[in-house]
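Working notes, structure below.
Chain letters run A, B, ... following the sequence lines, proteins first and then strands; every chain starts at 1.
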Amino acid sequence: MTRIILTEFINLLGGSMRILLIHSDHLKYQTKSKTRIAEKISEEKKKGEFENALVVFTAVEKEDEEKPEEVVLNAVKEINDVFGNVKAENIVIYPYAHLSSSLGSPEAAKNILANLESKLVQKNLPVSRVPFGWYKSFEVSCKGHPLSELSRSITPELSQVEEKTDEEKGEKSKFFILNEGKLIDPNKFSYNNQDLKKLVDYELGRGESSGKEPPHVKIMREKKLADYEPSADVGHLRWYPKGRLIRDLLSDYVYTLVTDRGAMPVETPIMYDLADDAIRVHAEKFGERQYRMGGGKKDLMLRYACCFGAFRVLSDSFLTWKNLPVGIYELSTYSFRLEKKGEVVGLKRLRGFTMPDLHTVCADLSQSLEEFQDQIEMCKKTGEDLDVNYEVILRATADFMQENKDWINHAAAMIGKPVLLEILPERKHYWICKMDFAAIDYLGRPIENPTIQIDVESGERFGITYIDPEENEHHPIILHCSPTGSIERVICSLLEKSALDMKEKAPMLPLWLTPTQVRIIPIAERHLGFATKLAEELRDAHIRVDVDDRPETVGKKIRNAGGEWAPFVVVIGDRELDGAELTVNVRETGQKVSMGLQELIDIIRLETKGMPYRPLPLPLNISRRVNF
RNA sequence: GCCUUAGUGGCUCAGCCGGUAGAGCGAUACCUUGGUAAGGUAUAGGCCGGGGGUUCGAAUCCCCCCUAAGGCUCCA
């Protein structure tokens, strides 16, 4: 690992002292033989071992010879800063010529390093220096935390330290609250909406952490929706019938939502050949976070979204201006992202997840902006249908912002409440503008759900073209949109919301997503026949119903029905047998209501109107049900 | 990936200065045929996360690994 980083680092050429800082559990070295430029050392310096050490691999370059004092001062400052941050116990200066391709003279280097050592000693720091000019064997074990590997170029300019980590950091984004066309400093905005405040706090990196477990994890297991699968990789779930039902209903929902608006469903492979240049370049942006597959002759990666499949379909299609805009939709069962282990949590962050992915090909920017607005409406609608509150972040590059101020204002106004606006100084990724919708979880942290992005790179990269009325070829602009965000995160949001509700009322899922909509409880065995007949009628009316036929007390069966969040519970005894109305326990209100069967059917039909339906894929009788 | 904490019947947990593995819920059987949030009795169920070590003896002590939660970082 260390070797890889060293090699990469050498490629960052320039002129100035090069240091590579490794916070290590231990460093061990042993001198082997002298070179011509070896410094004289005592016997005890010939080997050394250090625990919890900040190892400073250092190369002195030609340029440093001009202003050695300044270089040393700046290096001392930098090393001291990092030392304080990582809380190491030792500092070890390790001459490492291979960091530079423009080395200074050995004499100058020896002086600078010795000087560096003595300056650090003056600051009472526990510093040691490894001998210069010897061939040495060494062993270093890197701790691996975020600050444990840093590389720096130290220049002679006073207190100017050029930071060169793996990721070149440019200018920072600017954040505003955008409300009714006005930009307001997030720190000065008076928040009526606590969810927006939580989102802003989190985005600006000052969300407080309560150290609690997100409640949806417990609920998803308790309700037998899903569970971890220990025999798979971390972050891959097994889904039980009730969870699978909810997933299927959500899939049906998004399918209808997008196809109603003209998108065409496709299905594409889950793995791609990295020999394809476009795929490789696009995939490289995802860096370490891809699942790779070897085995055969090909180097394959598992898809992290449907982009590749959609782009390949589009680039092989013959598109004309008459076709545009055109949407291609796919539900990625599954998408794969090799998230870091510590980042994987419940339904919120997975390595294998299901993402509705809509790609819309637009002729030009103005067409894409129009489509974008339609998609804002679509995303808003999902929040209403799922009964989840979204807060919105609008992100744009400075250029885009400049040229499309009115549109930005209009897009924000469509949300109908203040939104967080991030302005990026320059384009970092493939998009120039995106809108993210986030639900806020029980612990006040965002769950990133729907998203819309304007992609200005992929058209060209993947060779997607269309013909305009004059028969000229153009690369289109492509919108990426997930109207709900990943199916798992939707369920996550619903469960987190129910945990919040629990403080005030009985938690439940939206009626159209609830596995058991009506639970029928016969009091004694002689009521079972009537109960079953009733259940069959409800089932024929496309209502998910079951019968608790177990020989238990009514009290216990009521309690169990509550535990399953059944929105309607009907108790059947002699009174009902005699033709009286049904007594229905309504979970939402906690009331017992008398009504006829048809009335119950109508209530449910009305509340689930326009939403997808699937039958309950479980035995009608609870006694026959598998306990997962 | 790193730091911290945890892993004991299906679930929630007790036991943990080493000496035969416990409870409640759930499951099964029987009794009870009941009217709105746990009826009664009995029974079964455990490689104490995995591997190695220390010891006459390990759920318990030590080391490594796996898994989970929290934190750091990150979701292009």
To the nearest Å, give me how far apart CE (A/M355) and C1' (B/A76) are.
12 Å
Using atom P in both nucleotides, what's the gap between B/A23 and B/C63 to the nearest angstrom?
33 Å
P-based separation of B/G18 from B/A58 [nearest Å]:
13 Å
Letter per nucleotide, 5' to 3', of nucleotides 44-52 of chain B [B base touched, S only sugar-phosphate touched, - untouched; heavy atoms, 4.0 Å]
---------
Protein proximity profile, nucleotides 34-40 of chain B - base contact B, sugar-phosphate-only contact S, no contact -, cut-off 4.0 Å on heavy atoms:
BBBBBB-
Starting at CG of A/L237 and ending at P of B/A68, how long is that distance when rounded to a whole Å?
10 Å
Both distances under 3.5 Å, Watson-Crick or G-U wobble: report the partner of B/U12, or none.
B/A23
P gap between B/G7 and B/U41, integer Å:
32 Å
Assess whether one donor atom and one acceptor atom, taken from the side chain of A/Y430 and the base of B/A76, lie less than 3.5 Å apart.
no
When you compare B/G49 with B/C11, how far apart are their P atoms, in angstrom units rounded to a whole number?
13 Å
Going by purine N1 to pyrimidine N3 plus the second Watson-Crick contact, or the G-U wobble pair, all under 3.5 Å, which nucleotide sits opposite B/U41?
B/A29
Rounding to an integer number of Å, can you tell me how far A/R625 CZ sits from B/G26 C1'?
16 Å
Gap in Å between the two C1' atoms, one belonging to B/G22 and one to B/A37, rounded:
28 Å
For nucleotides B/U36 and B/A44, find the distance between their C1' atoms and express it as a whole number of Å.
32 Å
What I want to find out is whether A/E552 reaches A/K557 closely enough, with some N-O distance under 4.0 Å, to be called a salt bridge.
no
With no angle test and no hydrogens, is the base of B/C75 tied to the side chain of A/R289 by a donor-acceptor pair under 3.5 Å?
no
Considering only atom P, compute the distance from B/A14 to B/C61 and round it to an integer number of Å.
15 Å
Can you check whether any acceptor in the base of B/C75 is under 3.5 Å from a donor in the side chain of A/R351, or vice versa?
no
